[in-house]
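For the numbers below, each heavy atom of this structure counts, side chains included, while hydrogens, waters and symmetry mates do not. So that the names make sense, note that chain A is the first sequence line, chain B the second, and so on, each numbered from 1.
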Amino acid sequence: MNNRKITSPVAVGVVLCLTFLLISCGTPSHVHTAEDDRIRDTGGSAAGDFGPPVGEPIIATLTSAPNVPPPINRNTPAKLIVNLEVRELEMPISEGVMYTFWTFGGTVPGSFIRVRQGDTIEFHLSNHPSSKMPHNIDLHAVTGSGGGASSSFTAPGHTSQFTFKALNQGLFVYHCATAPVGMHIANGMYGLILVEPPEGLAPVDREYYVMQGDFYTVGKYREKGHQEFDMQKAIEENATYVLFNGSEGALVGDNALRANTGETIRLFVGNGGPNLVSSFHVIGEIFDKVFTEGGSHYQENVQTTLVPAGGSAITEFRVEVPGTLVIVDHSIFRAFNKGALGMIKVEGPENLAVYTGKEVDSVYLGDKVNDLTAVTEATTAHSTTGEVTIAQQIAAGKVLFAGTCSVCHQLDGSGLVTVFPPLAGADFFLADTTRAIDIALNGLVGPITVNDQSYDSIMPPMSQLNDDEIANILTYSLNSWGNDGGRVTREEVAERRASTDRPPGAAH
Amino acid sequence: MLLAAFAAADDLTDGMATVGPGEFHSVIPEGKEDAAIEVPVFQLDQRPVTNVEFLDFIKAHPRWQRSNAVQLFVDTSYLSHWATAIELGPDVDAEQPVINVSWFAATAYCEALGARLPRWYEWEFAAAADRTHADARDDPLWRQQILNWYATPGSKSLSLVGQRAANFYGVYDLHGLVWEWVDDFNALLVADDNREQGGADKIKFCGAGAISMERKEDYAVLMRVALLSSLEAAYTTQNLGFRCAADLSEGSL
């Protein structure tokens, strides 16, 4: 048994017993190691009261994802004042798709709160006057009735106040608990509160806040316009979107997280649910440490960690090579068909001795090839009246490309040599626009030669894209990365869609 | 069932519709879960009270001006959307429903007319109707209309009253415009704050999912109950108005 696998008090007990047996069986000269520290009991809530607050009350710094407030750096318990405002706001959930979110602090996920174990938190929950609904807050870090929910039920235009002492260290979810609870959570009412251990967390170079949630809309995935909440889909746990940080573009393109080679990144990962458990994974990295379930002990060398709905994890990893790391829920259809995708751009000198380039290949194509029949049904093309300019097409295509194409062809269109063919300056792509439309519609299987380099890969049909979206992506690609221009119209795509046989499994 | 709007001679019942008598299953059962609620016949304002109507009341009863009102009865945002204590100002339409009114102020308004606020069961009974049915709660369209309003940000400007089709009883705007005070709002839920204690309080925190999904449309109405139960009688909000009701025997029949 590997006694690093510590995930619960029971497991800790088992490990301790085994350790004891080993020792009693004659293991010589037991040396105190860091491992012993790790399985040491923190003492829980009984050891979390460091007495009354010292000094003047402090207004807590709150941040919006992906940012995290700075470390505490305090040796004494304090009184912290947290002012959190509930707003009901219409915001984009995906490109061209609006949704009325209910938020803690105006963002999904809600503001990140950072306190120290033993702190006394005076919590002020304000419900903006424009709100339709009453709201409250249940912080999993609270020891007390309803996690604060019973003390914070707040009408629109009013403020509730309650105070609690943070007795347990860890990374905790908070959420609204007003009926119907599932609907309030499904509309985005969750966030994270970090209760630092008294000695603080080990210093790292970057800290980021990433929180997953599942969303249920009446319209299909990426169906344009304002989308309403769908209670029936929520009850059936049939998510329309699974997202990091509340919108499909929250962590891609210009919004990608950033780091430099040689740095250690700490991700505070939460999962608001309301329904789905996350198989949290970063493509191209291995978590050096995972504080499983946001607790006090870490597992090492983890590929994918489960983050329960209403739970968390802290992952830490050092980035060695430049490139784009892709954050996914490795329940992988969620990543490519429901939006659970984010990026970390790592900059720095190449380290070819470390990078093998194989992980990406295995992850992206397997599912698509093996189970085309399950590809999400194509989003319905909504005819928009009026002319679209090429500039509008390029702008729309850029966003769509980042979300759909860049994981393989890369954001700069350079592809990956021998694995994913390039689009930038690519003779194969630029030679025949009609063929490009067909490939986007129907996929491409088998050997091709691009710029004298041979590729033998599989591109799945982009069945989820409508005519507009394919036209915009191709127009963007023709006008980017030094390519010499061109335009693909919706009508051309529609014509090719109608006149080509759909391949088996493609959901035209 | 009486159908047409009741047109009476005096001021009180002018603009009121007759609703009931009838019985129905409320989202908040009274006593036994399956017991039907009996609703005696009553009269209900066809439209929510408007800004100009409330302004007339204020002029006749200056103690309900926002500058005069007793703080025990109104909070600080009482009538705060008006330009002054006695003027609506350019940003407020006379025919929008009045908002930012407390339960005390709404009650005083109705009492000044010889009327009262509707009780929850009366309000719920009247609001169960659509254009052609007394009880449309099994119709997905009825439910969707309510949910669509919930999903509209409250910061948008309010429509004027009476712009949508009247319901079965000739009553307008029970859904889709503003929340409305009811006389017994503070009796809807036990005010106890512990969600473990069950009973009505379960609705407040966990119960809508747990106890009402037998009737999937119920949660939409329960969210109204949740809103009402978050209020205190002096509270005012910018999406909360009211209309008056009267017992038919008090009217001019």
> Is the shortest heavy-atom distance from the side chain of A:F153 to the side chain of B:S229 under 4.5 Å?
Replying inline: yes

> So, is the end of the A:K132 side chain (NZ or CZ) under 6.0 Å from the ring centre of B:W149 and within 45° of the ring's axis?
Replying inline: yes

> Of the backbone (N, CA, C, O) and the side chain (C-beta and beyond), which part of B:T152 lies under 4.5 Å from a heavy atom of chain A, both, or neither?
Replying inline: both

> Between atom CG of A:N127 and atom OG of B:S230, what is the distance when rounded to the nearest 0.5 Å?
Replying inline: 8.0 Å

> Is the shortest heavy-atom distance from the side chain of A:M183 to the side chain of B:M223 under 4.5 Å?
Replying inline: yes

> Which region of B:D75, side chain (C-beta onward) or backbone (N, CA, C, O), has a non-hydrogen atom less than 4.5 Å from a non-hydrogen atom of chain A, or is it both or neither?
Replying inline: side chain

> When only pairs under 4.5 Å are counted, which of A:S160, A:P134, A:C176 shares the most heavy-atom pairs with chain B?
Replying inline: A:P134

> So which of B:N148, B:T237, B:T236, B:T76 has the largest heavy-atom pair count under 4.5 angstrom toward chain A?
Replying inline: B:N148

>> Measuring from atom OG1 of A:T154 to atom CG of B:L231, what distance do you get when rounded to the nearest 0.5 angstrom?
In response: 11.0 Å

> B:E232 versus chain A, heavy atoms under 4.5 Å apart: side chain, backbone, both or neither?
Replying inline: neither

> What part of A:H135 gets closer than 4.5 Å to chain B, counting heavy atoms only: side chain, backbone, both or neither?
Replying inline: neither

> Do B:Y150 and A:E228 have side chains that get closer than 4.5 Å, going by heavy atoms?
Replying inline: no

>> Heavy-atom pairs under 4.5 Å with chain A - which of B:N239, B:N100, B:L240, B:L228 has more of them than the others?
In response: B:N239

> Are side-chain heavy atoms of B:Q238 and A:S130 found at a separation under 4.5 Å?
Replying inline: yes

